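Here's the structure we're looking at; comments come further down.
Quick caveat, the model's predicted, so the values are computed rather than measured. Both backbone and side-chain heavy atoms feed into the values below; hydrogens, waters and symmetry mates do not.
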Amino acid sequence: MTLNSQITLRTAVILPFILIFLCAFGVITMVQDANYEEMAKDISRKQLSALRHNVELELDSFLYKPLQASLVLSHSIELHRLYQTHDVSAIQSAMLSKFSQLYNSVSQLDNVGFGGKAGEYVGLRKETADNYSLMLQDNLHHQGLVIYQTHEVSNNIRSVIKNYDPRLRPWYKPLAGTEEPRWSAIYANADERQEVTLSSIAPVHYNNELQGVVVADVKLSTFNDFLSQQQNSSGAIIYLFDETKRLIAHSTGGSIISWGTEHSLKGQRLLTSESSNAVIQSSADYTNSHPLPTENLLFTSNVEGERYFHLITPYTDHNGLSWYIGVAISEHGLLGKMLESQQNSWAMGLLISGIGIVIGLFAFNRVVMPITSTANAAKQLAQGNWDSELPKPGNIYETSMLVRAFNDMADSLKASFEEISFQLLYDSLTKLYSREGLVKTCGKFEQLNGCLVLIGINKFRHINDSMGHLSGDQLLVIIAERIKATFAEEALLARIGGDEFAVYFPQPQSNQDVSLAVGRIQQMFASPYNMGKENVIIQASLGIVQDLDSADMTTWLRNGSIALSNAKQEQASVSHYKPEMADISRNKTRMLAKIKQAIEEQEFVPYYQPIVDIQSGEVIGAEALARWLSPTDGLISPLEFISIAEESGFISAIGRQILSKACHDTVEGIEQGKWSHDFHLHVNLSVNQLAHTDLIFELETILEESKLPANNLTLEITESRLVDNDPVTIRNMQAIRDLGIQIAIDDFGTGYSSLAYLHKLPFDCLKIDRTFINKLDIQNLENSIVAAVINMTQGMKVDIVAEGIETTEQAELLKQLHCPQGQGFLYSRPVPFEEWPTDLVNMKS
């Protein structure tokens, strides 16, 4: 195919631009949808707020007239003092006059009544526009509340209610002791109809006391009629409910009273969730999962496939009403045909976009086919399949250039692959196998039943630091040459790490063969290595693996690494791998994780062992010893974690926790009178802490936070850790004393310090190791090491503490040697701060 028959890439990308156009159309559609939603929410908020406002205004007007009726009648009774005990005839006349003349046209006003302080009641209940029923209890005509057929006393009686006391009714009790009119709670009337009623109530006062209460009833059924009129004019569903979420009225028709069979439920108002109207039920579902609003609450719900917008608003007045107005309107009722038009636009947009996507995908597939085949070919090459079919050029000029360039590159890579693979198998510095090369080479064996020896150069980092990395690399090359000269014909040789080499004997080796090979390796490192003008003595550790039931060299190398780590801690520097070593390594790893978590959870706490004056038996101080209180494992011995913490560097964090807690405990003990003001706290300081440049700042911070005086604190430093004579350590020791803190040399006699060296160290106390205390004997007492230490340090003006005193005989011998202080199990085992004081042996006897 000629170049002239190919189209350009610019032409090929036109079709994808069409796809981009369709995507843009889709975005526009989504934006339009979002705008529609915003518009719907805005319109619904404004429309529902306007409806709610109209309802509030109408409701205010609806409730005003019954309230006004009760106030007018109560003022009339007060003004003319119409109430007389057992005679309410004057009130009856005034009530009939005002009800018929002023409030006969108030449809919501159902009943007007008065209850006297002596238990009388007179009321007029509207039956028709011009007909009222008299309700009377004056204890003159009848015993009980009598309801007459007309507004006068006659023999024509509707019913008689025995034991009626208006003072116990819900409309009377709220006004006892008050002078303000208000609305009653919603209740059921006591007459034969027992209709659910809301009452406007007003007190009647004169002669400085409550004479009675005027009540004007509004039937809840008239609320429903009122709200239905509002729904007819607005199209919105309107309902009222109280703080208990029980319906007061609604515009959808039907009763709000439960007439169920259960006696406890019969006659109660329905909950909003019990409404027969699905829209009110959906509103109840929302309010049941959300708190009732203090302001406007706007939300939406879906009822039978149609979305409704809801608004719930608190309604209160100055006379005790605390209701909620709920208004809901459907999306169709709110927006008309706008929703249908929007849906049609979406459908048309989706159809056009779908057609564009199909066309765009077809065109784009033809464009990218060469690129796709090139990518697949590259994937095959990446997996090492050099015989895979190479891609073919297409009809587009630019992609054809790409495919041809890729094919040329693949040919070049194929030619150099063998050379690169060869280089990967060998270490570039020593020309021995690399770790990967050894693993890959041994992977070709049917089984591994030989012997693996790992050689690790001890303290090779010090060689790099002192001679430079270049000299270190040259030394590694020389070591590799010696290894090749020793084992080239009989073993596979590799450099598996920076300063680690591997010698693998493929054939089975007897114990004698292994010992011989170990001897040859040790002999190889016995003579110095010539590095120009210097000779370097190298020591090596050997980790040996044999008889391992695994055909994976990676496993052999891992186990060899475990054996090598163990060898670096052995005096012979040779270790044979044993399965339990892996368990120890795993346990150590798990212990490190537990120690780290314990530090974070503050599980390390100090236990206190008393330091006593041997001559008097008086407690003069205590040593704070680190203990690990695990929530799951209980008290863990220091032998299990101290050495691991020191190796990992966690000992510094543990030391800080113990020091801080011990200082706070000491201050608390002194304040409680548990310890004297000159009580001396001894705390161990690890070598890691002592060599840390921030040690002095940490000590100052702990003393400041705990408020412990510096002269109450002694830091104990193990003698064997001071042999390096590190200048940072010496400076820190002097700075510690400058703070006023004392220093004790712990385990004295077990290290390498001479008295001349001790004179160079700033310290205040020597603690004689327990091994020398155990060797005390009355026959050689004056010639003992303890006696020598006491005599030699008399001129140094330092304290001496004998550690590990366990028997009274040892204490008596130390008395004879005039040893001033001691500690040990004789006096007390280490105990937590809360268990102090301990039962100490009284040494005064």
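No side-chain heavy atom of S70 sits less than 4.5 Å from a side-chain heavy atom of I201. Counting only heavy atoms from C-beta outward, the side chains of I654 and I599 approach each other to under 4.5 Å. When side chains are defined from C-beta on, L321 counts as touching L63, because their heavy atoms get closer than 4.5 Å. Counting heavy atoms from C-beta on, the side chains of Q92 and L96 never come closer than 4.5 Å. R125 has its side chain within reach of I147: a pair of non-hydrogen atoms, C-beta onward, lies under 4.5 Å apart. For the pair L134 and E152, the minimum side-chain heavy-atom distance is 4.5 Å or more. Residues E671 and V667 are in side-chain contact: their nearest non-hydrogen atoms beyond the backbone lie under 4.5 Å apart. For the pair I312/T287, a side-chain contact is recorded, criterion being any heavy-atom separation below 4.5 Å from C-beta on.
A donor-acceptor contact shorter than 3.5 Å is absent between the side chain of S97 and the backbone of S93. A side-chain donor-acceptor contact under 3.5 Å links S282 to the backbone of V279. A donor-acceptor pair under 3.5 Å is formed between the side chain of S228 and the backbone N or O of N224. Looking only at distances, no side-chain donor or acceptor of E306 sits under 3.5 Å from a matching main-chain atom of S330.
Annotation: E304, atom CD; neighbour count of heavy atoms from other residues, nucleotides and ligands within 6.0 Å does not exceed 12. Heavy-atom contacts from other residues, nucleotides or ligands closer than 6.0 Å to CD of Q672 number more than 12. Counting heavy-atom neighbours within 6.0 Å of K674 NZ, excluding the residue itself, gives a total above 12.
Each salt bridge (Lys or Arg N to Asp or Glu O under 4.0 Å) pair with one or both residues in residues 38-47, not counting sequence neighbours, appears once here: D42-R45, D42-K46. Within the structure, salt bridge (Lys or Arg N to Asp or Glu O under 4.0 Å) contacts touching residues 61-70 (residues at least two apart or in different chains) do not occur. Identified under the salt bridge (Lys or Arg N to Asp or Glu O under 4.0 Å) test for residues 97-117, with sequence neighbours left out: D110-K219, K117-E209. A ring-ring contact (aromatic ring centres under 6.0 Å, His included) check over residues 64-84, counting only residues at least two apart or in different chains, returns the pairs Y83-F114.
In this view, D217 satisfies the salt bridge (Lys or Arg N to Asp or Glu O under 4.0 Å) rule with no residue, not counting sequence neighbours. A search for ring pair (Phe, Tyr, Trp, His ring centres under 6.0 Å) contacts involving W628 returns F604, F641, not counting sequence neighbours. Residues that satisfy the salt bridge (Lys or Arg N to Asp or Glu O under 4.0 Å) test with R169, not counting sequence neighbours, are absent from this structure. Not counting sequence neighbours, Y324 has no partner by the side chain to side chain donor-acceptor pair (under 3.5 Å) test. Applying the salt bridge (Lys or Arg N to Asp or Glu O under 4.0 Å) criterion to K126, with sequence neighbours excluded, gives no partner residue. Not a single salt bridge (Lys or Arg N to Asp or Glu O under 4.0 Å) links D285 to another residue, sequence neighbours left out. Partners of Y286 under the ring pair (Phe, Tyr, Trp, His ring centres under 6.0 Å) rule, at least two apart in sequence or in another chain, are H290, F299.
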Audit row: E705, T701, side-chain contact (heavy atoms from CB on, under 4.5 Å) steps and yes/no: CA-CA 6 Å; E705 291 177 349; T701 301; 3.5 Å; yes
Residue pair N288, S273: steps toward the side-chain contact (heavy atoms from CB on, under 4.5 Å) verdict: CA-CA 9 Å; N288 286 339; S273 57; 4.1 Å; yes
Derivation of the side-chain contact (heavy atoms from CB on, under 4.5 Å) call for Q149 and I157: CA-CA 6 Å; Q149 291 282 0; I157 297 175; over 6 Å; no
Test log, rule side-chain contact (heavy atoms from CB on, under 4.5 Å), inputs V160 and L145: CA-CA 6 Å; V160 177; L145 177 64; over 6 Å; no
Please set out all donor-acceptor pairs under 3.5 angstrom arising from side-chain atoms of residues 236-244, sequence neighbours excluded.
unit_1 : atom_1 : unit_2 : atom_2 : d
Y239   : OH     : S283   : OG     : 2.5
D242   : OD1    : T244   : N      : 3.0
D242   : OD1    : T244   : OG1    : 2.7
D242   : OD1    : K245   : N      : 3.2
D242   : OD1    : R246   : N      : 3.0
D242   : OD2    : T244   : OG1    : 3.4
D242   : OD2    : R269   : NH1    : 3.1
D242   : OD2    : R269   : NH2    : 2.8
E243   : OE2    : S322   : OG     : 2.9

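Exactly one of T197, V218, V196 qualifies for a side-chain contact (heavy atoms from CB on, under 4.5 Å) with I186. That residue is V196.
Between the side chains of Q597 and E601, not a single donor N or O lies within less than 3.5 Å of an accepting N or O. A side-chain N or O of Y315 and one of D60 form a donor-acceptor pair less than 3.5 Å apart. Side-chain contact check for T252 and H250: at least one donor-acceptor pair (N or O, by modelled atom type) lies under 3.5 Å. Using modelled atom types, one finds a donor on one side chain and an acceptor on the other under 3.5 Å when comparing E127 with S133.
A distance of 5.5 Å separates CG in L247 from OG in S275, rounded to the nearest 0.5 Å. Considering OG of S660 and NE2 of H664, their distance stands at 5.0 Å, rounded to 0.5 Å. Interatomic distance, CD of Q281 versus OG of S301, reported as 11.0 Å (0.5 Å rounding). Here CD of E120 is found 10.0 Å from CG of D165. Values are rounded to the nearest 0.5 Å. Once rounded to the nearest 0.5 Å, the distance linking CG of N189 with CE of M135 reads 7.5 Å. Note that CD of Q84 and OG of S89 are 9.0 Å apart. Values are rounded to the nearest 0.5 Å.
Scanning all heavy atoms of the two residues, the minimum distance from P166 to Q137 falls at CD-NE2, 4.0 Å. Contact record, E295 with P293: O-CB, 3.0 Å, taken as the closest heavy-atom pair. In this structure, L109 and A216 approach most closely via the heavy-atom pair CD1-CB, 3.7 Å. In terms of heavy-atom proximity, L198 sits nearest to S184 at CD1-O, 3.2 Å. Closest approach of Y172 and G115 over heavy atoms only: CE1-O, 3.4 Å. When all heavy atoms of S251 and Q231 are compared, the pair lying nearest together is OG-OE1, 2.5 Å.
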